[in-house]
Amino acid sequence: MFAFYLESPVGRRVVEPVLAVLALLLADGVVNDSAILFETVPGPLWVPVIILVPGLLALSVLAGVLAHGIRLGSAVLGAGDRLQPSDTSVTRILASLVLGPLAVFTLWWALATLIVHYPAETGGVSPSIWALLFGGVLGALVLLRAVFFQLFPAGPLSRLRDRSVE
């Protein structure tokens, strides 16, 4: 199997914010032309870092979105009791609908950049900026999602419903 196995949601909850912060820092460093960032990362490692960080973040987010979709689908079809308490909240479904396509798009650009830099070895302008920019946006949304679901684990509407019952 894999040496780096992240099936548990706890492992993904730790890795995703770290990758999100790295993606945000890399995107900020490239957009603002940070000399500190360019001096910190050695030249031969620069391209793999700016490809792998957004790509791994997108892969992790996509795995979570697909798992959420499978749990919802199994609940609709009545094929099991995989559903978690907050899976049916509107905010969780909307988060999956927003993050899923953005993760696919970021992964697409990361793979395209990987192909352009290594097997194809084409010249010209590198498309790595797109993977980095979309990875930065994805990183910001992942961090916002993490904070939001820490504040409202079952969605904000459930908290309002609980207060009206009291």
Side-chain angles (χ1 to χ4, degrees), residues 1-32 48-115 127-166:
M1 290 271 313
F2 297 107
F4 190 62
Y5 187 65
L6 286 177
E7 178 167 315
S8 74
V10 174
R12 243 191 39 252
R13 274 187 258 142
V14 171
V15 170
E16 272 184 7
V18 170
L19 287 172
V21 167
L22 284 174
L24 271 172
L25 288 175
L26 286 172
D28 179 54
V30 168
V31 168
N32 293 328
V49 165
I50 62 173
I51 295 172
L52 287 178
V53 169
L56 288 175
L57 176 63
L59 199 59
S60 176
V61 168
L62 197 57
V65 167
L66 288 175
H68 181 243
I70 289 171
R71 286 192 309 268
L72 280 177
S74 69
V76 168
L77 297 175
D81 58 346
R82 295 184 185 124
L83 202 60
Q84 295 176 356
S86 64
D87 277 345
T88 57
S89 72
V90 175
T91 52
R92 181 79 59 172
I93 293 170
L94 285 175
S96 290
L97 288 175
V98 169
L99 290 177
L102 186 59
V104 168
F105 201 64
T106 303
L107 189 60
W108 168 261
W109 276 108
L111 289 174
T113 305
L114 193 66
I115 290 169
S128 62
I129 187 73
W130 296 112
L132 201 54
L133 290 178
F134 288 118
V137 171
L138 183 64
L141 290 176
V142 165
L143 289 175
L144 283 173
R145 178 190 67 177
V147 168
F148 184 80
F149 289 127
Q150 282 293 330
L151 294 174
F152 308 108
L157 297 178
S158 68
R159 185 172 274 185
L160 290 174
R161 240 180 283 131
D162 292 342
R163 286 189 180 167
S164 65
V165 171
E166 294 173 357

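The shown structure was predicted, so the numbers you read here are calculated from the model rather than taken from an experiment.
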Distance check, rounded to the nearest 0.5 Å: [X] atom [atom1] versus [Y] atom [atom2]?
X: T91; Y: F148; atom1: OG1; atom2: CZ; answer: 4.5 Å
X: L133; Y: D28; atom1: CG; atom2: CG; answer: 11.0 Å
X: L138; Y: S60; atom1: CG; atom2: OG; answer: 9.5 Å
X: I70; Y: L77; atom1: CD1; atom2: CG; answer: 11.5 Å
X: L111; Y: I115; atom1: CG; atom2: CD1; answer: 6.0 Å

Would you give me the side-chain donor-acceptor pairs under 3.5 Å for residues 51-58, sequence neighbours excluded?
none

Scan for side chain to side chain donor-acceptor pair (under 3.5 Å) pairs involving residues 92-112, sequence neighbours excluded, and state none if there are none.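 Residue pairs with at least one partner in residues 92-112: H68-S96, S86-R92.
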With heavy-atom distances below 4.5 Å as the criterion, would you say the side chains of R145 and Q150 are in contact?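 A side-chain contact is absent here, since even the closest heavy-atom pair is not under 4.5 Å.
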Is there a side-chain contact between I129 and I50, using heavy atoms and a 4.5 Å cut-off? no
Looking at A23 and G135, what are the two nearest heavy atoms and their distance?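 Where A23 meets G135 most closely, the heavy atoms are CB-O, 3.5 Å.
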